[in-house]
Amino acid sequence: MELSKKTTILFSPQLHLRLTRLAKQRQVSLGELVRHACKKQYGFLPNERRLDAVRRLAALALPLDDARTMREQAVLRADQFLP
């Protein structure tokens, strides 16, 4: 991966210390740790990984009802809150 853009991020001393220690534990640079966290948090995954996830979900044998029944099962009515 080509790294050609630079960004300055300011951390509190406590956060910087925690991230630096975590990077050292994982044996990666602080920059790599932050890049990995950004990719994971904001979903920047290669298309093939996304397609693989969709394929695995589609392969699950889950019991499904029609949309109306599922909606009724998922959303509580007001009378279901009261004893």
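Along the sequence shown, residues carry numbers from 1. Since this is a predicted model, take the numbers as computed values, not measurements.
Between atom CG of residue L33 and atom CG of residue L22 there is a gap of 5.0 Å, rounded to the nearest 0.5 Å. Separating the CZ atom in R26 from the CD atom in E32 is a distance of 11.0 Å, to the nearest 0.5 Å.
Using a 4.5 Å cut-off between side-chain heavy atoms of Ile, Leu, Val, Met, Phe, Trp and Tyr, with links allowed through other members, F11 and V28 fall into the same hydrophobic cluster.
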Walk me through whether L3 and R35 qualify under side chain to side chain contact (heavy atoms under 4.5 Å, CB included).
CA-CA 11 Å; L3 301 177; R35 283 189 292 276; 3.9 Å; yes

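R71 pairs by the side chain to side chain donor-acceptor pair (under 3.5 Å) definition with nothing, not counting sequence neighbours.
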Can you give the donor-acceptor pairs under 3.5 Å from side chains of residues 56-63 to other protein atoms, not counting sequence neighbours?
residue, atom, partner, partner atom, Å
R56, NE, D52, OD2, 3.2

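Nearest approach of L30 to H16, heavy atoms of both residues: CD2-NE2, 3.7 Å. What you find for V34 and I9 is that their closest heavy atoms are CG1-CD1, 4.2 Å.
Within a 6.0 Å radius of CZ in R55, more than 12 heavy atoms belonging to other residues, nucleotides or ligands are found.
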